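Report on one structure; see the data block that follows.
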Amino acid sequence: MGRTRDAYESARARVVEEQLVRREVTEERVLAVMRRVPRHLFVEEALRNRAYGDHPLPIGEEQTISQPYIVGFMSQLLELTGQEKVLEVGTGSGYQTAVLAELARRVCSIERLPRLAERARALLEKLGYDNVWVRVGSGTLGWPDEAPVHWILVTAGGPSVPPPLFQQLAEGGRMVVPVGDAVNQVLTVVEKVHGEMKTRPCGECKFVKLVGKYAWEA
């Protein structure tokens with residue numbers, strides 16, 4: 001999806017070179033998308049001058065928009081080619097959703113907080129993303145009507161992989177999910193191989209809590 005030039009284009013270019021490439025985010029499709037998606041539109045206007053900094057930012061409801069690096073890194077870990085259907089748990093601001101929408105064929109995104117879901121939905125529609133579906137619900141329960149899915153990305157940290165998400169992951173599928181305590185987690189790649197869970201740690205991270213039946217209480 002093409003985007004018109006804007007005043008933040010050079011800032012996005014710096015993000016790619018200084019925050020992503022230097023930390024081994026090298027997948028060219030991911031880098032190209034990160035150069036395009038206008039992160040500044042996914043934060044409050046008062047924070048736009050900080051939109052391309054190497055840090056998360058508040059988006060209300062005690063939630064955050066992840067730093068650009070972690071969005072690029074998680075997207076790279078999914079290894080998308082453009083033909084996939086992706087389940088995203090935690091729409092938040094919609095920024096990661098927009099990145100996924102440019103990398104995949106279809107994105108089904110779940111957000112438990114109605115105000116965030118509506119705001120993200122409206123912005124994504126305004127930006128022309130017609131391959132995104134956002135619904136309000138508990139992310140730890142997944143989206144049974146869309147199962148099985150081969151790619152799942154979770155943008156909040158829980159104590160373990162929620163069983164419904166693994167059940168909805170297709171054989172041979174891949175999930176990227178932060179797992180750990182309420183403060184620090186390990187970004188984990190989960191794959192389903194002959195029905196069994198195979199995991200691979202990919203570095204320490206810090207996300208907001210994954211809230212729901214199979215994670216932390218609200």
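Count residues from 1 along the sequence. Every value quoted in this text rests on a predicted model; they were computed, and no experiment measured them.
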inquiry  = Is there a side chain to side chain contact (heavy atoms under 4.5 Å, CB included) between T188 and V176? Walk through the geometry before answering.
reply    = CA-CA 6 Å; T188 305; V176 177; over 6 Å; no

Any heavy-atom pair between the side chains of [Y] and [X] that's under 4.5 Å?
X    : Y    : result
L80  : L100 : yes
E102 : V37  : yes
H55  : R50  : yes
F42  : L127 : yes
S109 : V89  : no
L187 : F73  : yes
H40  : L47  : no
E111 : V136 : no

Closest approach of [X] to [Y] (non-hydrogen atoms, all atoms of both residues):
X    : Y    : answer
W216 : G158 : NE1-CA, 3.6 Å
P68  : G53  : CD-O, 3.3 Å
G72  : M34  : N-CE, 4.0 Å
A101 : N131 : O-ND2, 2.9 Å
A170 : P148 : CB-CB, 3.8 Å
S66  : R39  : O-NH2, 2.6 Å

To the nearest 0.5 Å, what is the distance between [atom1] on [X] and [atom2] on [Y]?
X    : Y    : atom1 : atom2 : answer
Q168 : H150 : CD    : NE2   : 13.5 Å
L41  : Y8   : CG    : OH    : 8.5 Å
I152 : L169 : CD1   : CG    : 4.5 Å
L20  : Q67  : CG    : CD    : 9.5 Å
R112 : S138 : CZ    : OG    : 8.5 Å
T81  : W151 : OG1   : CH2   : 6.5 Å

Determine whether a donor-acceptor pair (N or O, by modelled atom type, separation under 3.5 Å) exists between the side chain of [X] and the backbone of [Y].
X    : Y    : answer
E84  : G82  : yes
E125 : L123 : no
Q76  : E24  : yes

Do the side chains of [X] and [Y] join up, straight or via other hydrophobic residues, at under 4.5 Å, putting them in one cluster?
X    : Y    : answer
V179 : V208 : no
V154 : V86  : no
V149 : L78  : no
L113 : F207 : yes
V161 : L141 : no

Near [X] [atom1], under 6.0 Å, is it more than 12 heavy atoms from other residues, nucleotides or ligands?
X    : atom1 : answer
E45  : CD    : no
R115 : CZ    : no
K85  : NZ    : yes

Are [X] and [Y] within salt-bridge range, i.e. N to O under 4.0 Å?
X   : Y    : answer
E9  : R12  : no
D54 : R23  : yes
E44 : R119 : yes

* To do: Say whether T97 and E88, considering side chains only, have a donor N or O and an acceptor N or O under 3.5 Å apart.
  =>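 Yes, because at least one side-chain N or O of T97 sits under 3.5 Å from a partner of the opposite role on E88.
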
Under 3.5 Å side-chain donor-acceptor pair for E27 and S75:
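The criterion, which ignores hydrogens and geometry beyond distance, is not satisfied for S75 and E27.
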
Exercise for the section: Quick one: do R106 and E146 satisfy salt bridge (charged side-chain N to carboxylate O under 4.0 Å, His left out)? Show the steps, please. Expected result: CA-CA 11 Å; R106 182 182 183 196; E146 292 291 339; 3.0 Å; yes

| query | Is there any salt bridge (charged side-chain N to carboxylate O under 4.0 Å, His left out) pair reaching into residues 184-205, and which pairs are they, with sequence neighbours excluded? | reply |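 Every pair satisfying salt bridge (charged side-chain N to carboxylate O under 4.0 Å, His left out) with a residue in residues 184-205: R174-E191.
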
Criterion side chain to side chain contact (heavy atoms under 4.5 Å, CB included) on T64 and L57, from CA distance to verdict:
CA-CA 5 Å; T64 61; L57 289 170; over 6 Å; no

_Going by side chain to side chain donor-acceptor pair (under 3.5 Å), name the residues that satisfy it together with S93, two or more places apart in sequence or in a different chain._
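If we apply the side chain to side chain donor-acceptor pair (under 3.5 Å) test to S93, skipping adjacent residues, there are no hits.
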
Side chain to side chain contact (heavy atoms under 4.5 Å, CB included) between V33 and R36, worked out: CA-CA 5 Å; V33 168; R36 287 197 300 270; 3.3 Å; yes

Original post:
Could you go step by step and tell me if I59 and L116 meet the side chain to side chain contact (heavy atoms under 4.5 Å, CB included) rule?
Top reply: CA-CA 8 Å; I59 58 172; L116 291 185; 4.2 Å; yes

